[in-house]
Amino acid sequence: MKKLIVVGASSGMGMRIATDFARLGWRVGIAARREDRLKEISELYPDRIEYMAIDVTAEDAVERFYKLIEAIGGMDYLLYAAGCGWQNPELDVAKDRQTLDVNVIGFTRIVNAAYKYYKETANVSRGHIAVITSVAGTKGIGVSATYSASKRYQWTYLQALDQLAHIQHVDVAITDIRPGFVDTPLLVKGKDYPMEMSVAYAAPRIERAMLTGRRVAVVDARWAVACALWRCIPDALWRRLALRL
């Protein structure tokens, strides 16, 4: 039986993907800050889902993460789906700090712990670290400066970790999953977003990218084209674009 840990599983994409795999018979460990919500989700598949309240910004996050791995008897896949972000044109430092705590410090803490687990454990099968990042890392977005920068950090970190795994002969695949706008609690309710996707539409595409071991996957094809064009915009022109997402 395959074993999956989902960090950031109390809502949105993390919750959907965790329950999808539990329904398929996988052993699934779910983690997030909201223990009451995790308990509700685990009761959908009580024989397949274990939960652990983990705040990725807390000092005990790694200890609790390893306890969750032990609770399900190992970890074939990690999906890091936790995320934080704001539209913050006022450059509110408190909002920026919260974004950095989750998307940079918390992300690094958990991904490092997963990498070390695969490095130090004699696994029969290959380990896999998948992270839901964002297309927002493509260019610096003025109204979401810290969020877009934090996603670029994740892109670069995963690329570096993939190289490190090769250097250290650690048998782990690294997958960077970059969705466009998905209708989750991160989006402002009642606002129209370009090429917005439902969770039901995006989840199978994210799952496929993870299972096929793709190094980088943009979700979906429309966003892949948009990002390719996005990267071609010169900085002198980019600074003049008034993006109000």
Side-chain angles (χ1 to χ4, degrees), residues 1-85 98-99 101-103 105-107 109-111 113-114 117 127-134 154 175 177-189 196-211 217 219:
M1 180 186 296
K2 290 287 189 179
K3 302 174 182 71
L4 165 69
I5 299 286
V6 181
V7 176
S10 61
S11 64
M13 294 305 314
M15 181 186 72
R16 170 61 188 258
I17 292 169
T19 53
D20 280 352
F21 281 99
R23 186 170 58 253
L24 291 172
W26 287 41
R27 190 87 167 117
V28 180
I30 58 174
R33 289 181 302 169
R34 297 164 53 194
E35 187 166 5
D36 58 336
R37 186 73 185 113
L38 294 173
K39 186 174 184 296
E40 289 176 11
I41 296 166
S42 71
E43 288 170 351
L44 297 172
Y45 300 95
D47 59 333
R48 299 175 193 167
I49 296 180
E50 296 286 342
Y51 69 90
M52 179 73 65
I54 299 176
D55 180 349
V56 298
T57 69
E59 292 297 326
D60 68 348
V62 170
E63 178 186 355
R64 297 180 71 82
F65 176 62
Y66 283 143
K67 284 181 179 178
L68 182 57
I69 295 174
E70 185 178 353
I72 68 168
M75 178 175 68
D76 297 300
Y77 286 81
L78 165 70
L79 177 64
Y80 188 89
C84 179
Q98 188 175 351
T99 300
D101 281 347
V102 175
N103 296 357
I105 302 301
F107 155 83
R109 178 178 281 132
I110 297 300
V111 169
Y117 169 82
H128 201 126
I129 296 170
V131 179
I132 298 178
T133 64
S134 172
Q154 292 179 348
T175 298
I177 303 168
R178 305 172 182 177
F181 293 116
V182 181
D183 184 16
T184 68
L186 272 180
L187 298 188
V188 178
K189 292 302 178 187
E196 183 177 338
M197 300 171 282
S198 69
V199 169
Y201 174 86
R205 289 161 174 80
I206 291 174
E207 292 161 2
R208 189 179 309 119
M210 184 173 72
L211 291 175
V219 177

Considering all heavy atoms, the nearest A130-M210 contact: CB-CG, 3.8 Å
Any residue meeting side-chain contact (heavy atoms from CB on, under 4.5 Å) with Q98, in chain and number order, not counting sequence neighbours: C84, W86
Donor-acceptor contacts, no H, no angles, side chain residues 41-55, under 3.5 Å, sequence neighbours left out:
residue, atom, partner, partner atom, Å
S42, OG, K39, O, 2.8
E43, OE2, K39, NZ, 2.6
R48, NH1, A22, O, 2.6
R48, NH1, R23, O, 3.3
E50, OE2, R27, NH2, 3.2
D55, OD1, T57, N, 2.9
D55, OD1, T57, OG1, 2.7
D55, OD2, T57, OG1, 3.3

Main-chain N/O of R178 paired to S134 side chain as donor or acceptor, under 3.5 Å: no
Polar side-chain atom of R205 near backbone of V219 as donor-acceptor pair, under 3.5 Å: no
V182 versus A202, closest heavy-atom pair with distance: CG2-CB, 4.1 Å
Whether D76 side chain and K3 backbone form a donor-acceptor pair below 3.5 Å: yes
Shortest non-hydrogen separation from I17 to A203 and the atoms involved: CG1-CB, 4.3 Å
E70, CD: over 12 other non-hydrogen atoms inside 6.0 angstrom: no
Parallel, tilted or perpendicular, as decided by the 30° and 60° cut-offs, for the rings of Y80 and F107: perpendicular
Stepwise side chain to side chain contact (heavy atoms under 4.5 Å, CB included) check, F21 with K2: CA-CA 9 Å; F21 281 99; K2 290 287 189 179; over 6 Å; no
Step-by-step side chain to side chain contact (heavy atoms under 4.5 Å, CB included) determination, Q154 to N103: CA-CA 8 Å; Q154 292 179 348; N103 296 357; 3.8 Å; yes
